[in-house]
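The structure appears right after this line, and notes come after that.
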Amino acid sequence: MTLNRQLCLSRNIRQGEAVTSELFDMKETAIPEPGEGEFLVKTTALGFSPAQRAYLMGEESRFHTPIEIGDIMRGRGVGEILKSNNDDYKVGDIVACSTGWQDYSVQSGDQGDLLVKTLQKVDNPQEPLYLHLGILGSSAFSAYFGLLDIGKPQKGETVVVSSAAGGVGSIVCQIAKIKGCKVIGIAGGEDKCKWLEEFVGVDETIDYKNDDIEAKFKEYCPNGIDVYFDNVGGDILDFALKNIALKGRAVICGMIATEYQEPPLPGPRYYYNVIYKRARIEGFFVWDYFNQFPAAEKELIEWYKSGQLKSTEDVFKGLESAPDALQAMFDGTSCGIKIVDF
Ligand SMILES: NC(=O)c1ccc[n+]([C@@H]2O[C@H](COP(=O)([O-])OP(=O)(O)OC[C@H]3O[C@@H](n4cnc5c(N)ncnc54)[C@H](OP(=O)(O)O)[C@@H]3O)[C@@H](O)[C@H]2O)c1
């Protein structure tokens with residue numbers, strides 16, 4: 001390849017509009033040259049997060065800075081270093097970092113002053129490399145630290161996971177099973193529930209689009225929910241709090257159901273259970289655990305190699321499919337971790 005293909009924002013997304021390729025222009029520019037202390041990374045795969053939709057909205061949201069019209073779409077990727085002027089990052093090293101939606105990017109290894117560090121050297125690369133954006137990457141680290149450090153599940157406890165067939169959720173379910181818990185996965189639709197039971201290996205599922213969630217909680221969690229891992233917020237969080245066990249823990253990872261609603265929705269109605277059940281609600285931010293990623297990666301690789309952790313990536317092919325992969329997070333059409341492999 002002699003040119004650098006880049007997907008750049010052509011206009012802001014409208015309220016309720018799907019993410020499509022119409023929002024982006026494919027540009028071709030020269031492959032950039034790394035300056036002093038910098039290195040050139042060739043992207044081999046991209047990962048996705050629901051947060052990326054907020055970047056397209058053109059306004060400062062609660063958590064995210066928008067990208068400007070004409071700018072390269074921001075996003076995390078994994079790739080190999082092709083050229084380097086930095087002794088700490090050698091040619092052939094593999095890094096996961098903010099590559100953007102493009103073939104090549106110049107990175108600086110200097111994260112010294114940054115509050116949030118995201119450039120990760122992959123010490124033990126596994127094939128295919130996209131695993132380092134998937135079950136060995138930031139989705140997996142979110143599941144790992146959110147569940148184990150905040151949820152602290154004990155053997156025999158009941159763990160309920162929302163958006164269980166999603167990227168983070170499908171890994172939370174597997175780690176909770178590894179830890180000897182009873183796992184109930186919540187997902188939208190029969191097919192996703194079947195996938196959770198037959199492939200991911202959860203004990204029970206709740207189809208939140210068709211089932212009576214409260215009745216199912218009563219049936220599957222007669223002693224209450226010990227750990228609720230929340231990816232969605234809204235009504236499902238509310239019912240989970242209503243059914244939380246004594247000393248239960250609600251781990252707040254995401255709120256895809258309500259995050260983009262303006263004005264923000266009022267808080268959960270069953271909040272009082274935090275007192276009655278001496279429960280704990282705690283959020284977390286995966287990048288706060290950056291320095292512990294290598295230890296988590298080591299354990300995740302062991303689980304993966306021993307067959308205890310299954311790969312749940314849903315792989316889209318080619319840079320041009322990046323808008324479809326991002327949209328798939330919102331239309332519920334796909335299971336597992338969305339990846340674009342180049
Ligand atoms: N705290 C952190 O550091 C951190 C890190 C990473 C991710 N997150 C957050 O964690 C959550 C999970 O991330 P992910 O990347 O794994 O995404 P994900 O769960 O794969 O997101 C896509 C899924 O969300 C579900 N969904 C979409 N709209 C929904 C709605 N209105 N109500 C209920 N479910 C809906 C759909 O599943 P169904 O078809 O089953 O509805 C869809 O397949 C996100 O909210 C993300 O922002 C937080």
Side-chain angles (χ1 to χ4, degrees), residues 16 18-19 46-55 61-64 75-76 96 116-118 133-135 137-147 149-151 160-175 184-197 200 202 205-211 213 228-240 250-261 265 281-290 292-293 296 312-314 316 324-340:
V19 181
L46 293 172
F48 295 84
S49 161
Q52 286 173 285
R53 194 180 195 287
Y55 307 162
S61 73
R62 264 164 273 158
F63 309 115
H64 309 293
R76 189 166 179 81
V116 179
K117 298 184 178 44
T118 60
L133 299 168
I135 55 154
S138 57
S139 295
F141 299 142
S142 305
Y144 185 97
F145 291 109
L147 181 66
D149 193 47
I150 312 288
V160 172
V161 185
S162 62
S163 196
V168 175
S170 60
I171 308 172
V172 175
C173 291
Q174 296 189 73
I175 298 177
I184 292 117
I186 306 176
E190 229 176 272
D191 290 348
K192 287 195 168 183
C193 289
K194 199 162 169 233
W195 181 78
L196 280 170
E197 283 164 20
V200 175
V202 303
T205 52
I206 301 174
D207 171 359
Y208 75 91
K209 290 185 176 161
N210 296 299
D211 288 337
I213 302 176
Y228 171 58
F229 192 102
D230 191 28
N231 287 308
V232 303
D235 283 348
I236 300 178
L237 166 64
D238 214 353
F239 287 130
V251 181
I252 309 301
C253 176
M255 47 187 73
I256 196 169
T258 55
E259 184 171 357
Y260 302 107
Q261 293 192 16
L265 293 186
I281 304 177
E282 187 173 343
F284 73 97
F285 188 43
V286 66
W287 304 107
D288 290 343
Y289 293 92
F290 183 79
Q292 298 174 59
F293 282 7
T312 63
E313 291 81 7
D314 182 11
F316 293 66
D324 297 338
L326 179 54
Q327 176 56 20
M329 308 202 95
F330 296 95
D331 58 23
T333 51
S334 119
C335 290
I337 308 164
K338 270 45 94 182
I339 296 286
V340 161

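Positions are given from 1 along the sequence. Keep in mind that the numbers below use all heavy atoms, side chains included, and drop hydrogens, waters and symmetry copies. Just so you know, ligand 1 is whichever comes first in the structure, and atom 1 is the first atom listed for that ligand.
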For this session: Consider every N or O of Ser49 and every N or O of ligand 1, then say whether any pair is closer than 3.5 Å.
Result: no
For this session: Would you check, one step at a time, whether the test side-chain contact (heavy atoms from CB on, under 4.5 Å) holds for Phe330 with Ile256?
Result: CA-CA 8 Å; Phe330 296 95; Ile256 196 169; 4.1 Å; yes
Exercise. So is there a nitrogen or oxygen of Ser139 less than 3.5 Å from a nitrogen or oxygen in ligand 1?
Worked result: no
Exercise. Just by modelled atom types, is the Ala250 backbone N or O under 3.5 Å from a matching donor or acceptor in the Glu282 side chain?
Worked result: no
For this session: Report yes or no: does a heavy atom of Cys253 sit under 4.0 Å from some atom of ligand 1?
Result: yes
For this session: Mind checking whether Ala187 contacts ligand 1 via backbone (N, CA, C, O), side chain (CB onward), both or neither, at a 4.0 Å heavy-atom cut-off?
Result: both
Exercise. Short question: side chain of Lys338, backbone of Gly336 - any donor-acceptor pair under 3.5 Å?
Worked result: yes
Exercise. Purely on distance, is any nitrogen or oxygen of Lys209 under 3.5 Å from one on ligand 1?
Worked result: no
Seminar exercise, completed: Counting heavy atoms under 4.0 Å, the part of Val232 that contacts ligand 1 is side chain
Exercise. Are Ser162 and Asn231 linked by a side-chain donor-acceptor pair shorter than 3.5 Å?
Worked result: no
Exercise. Where's the contact between Met255 and ligand 1, heavy-atom distance under 4.0 Å: side chain, backbone, both or neither?
Worked result: backbone
Exercise. At the 4.0 Å heavy-atom cut-off, does Pro50 count as touching ligand 1?
Worked result: yes
For this session: Taking Asp230 for its side chain and Val251 for its backbone only, find out whether a donor-acceptor pair lies under 3.5 Å.
Result: no
Exercise. Do other residues, nucleotides or ligands put more than 12 heavy atoms under 6.0 Å from the CD atom of Glu190?
Worked result: no
Exercise. Less than 3.5 Å between some nitrogen or oxygen of Asn231 and one of ligand 1, yes or no?
Worked result: yes
Exercise. Does an N or O from Ala51, backbone or side chain, lie closer than 3.5 Å to an N or O of ligand 1?
Worked result: no
For this session: May I ask you to check whether Trp287 and Phe293 place their ring centers less than 6.0 Å from one another?
Result: yes
Exercise. Short N/O distance, under 3.5 Å, between Gly169 and ligand 1?
Worked result: no
For this session: Using side chain to side chain contact (heavy atoms under 4.5 Å, CB included) as the criterion, point out the one residue from Ile186, Ile150, Val168, Val160 that pairs with Phe229.
Result: Val168
For this session: Mind checking whether Trp287 contacts ligand 1 via backbone (N, CA, C, O), side chain (CB onward), both or neither, at a 4.0 Å heavy-atom cut-off?
Result: neither
For this session: Record the part of Ala257 in heavy-atom contact with ligand 1 below 4.0 Å; permitted values are side chain, backbone, both and neither.
Result: both
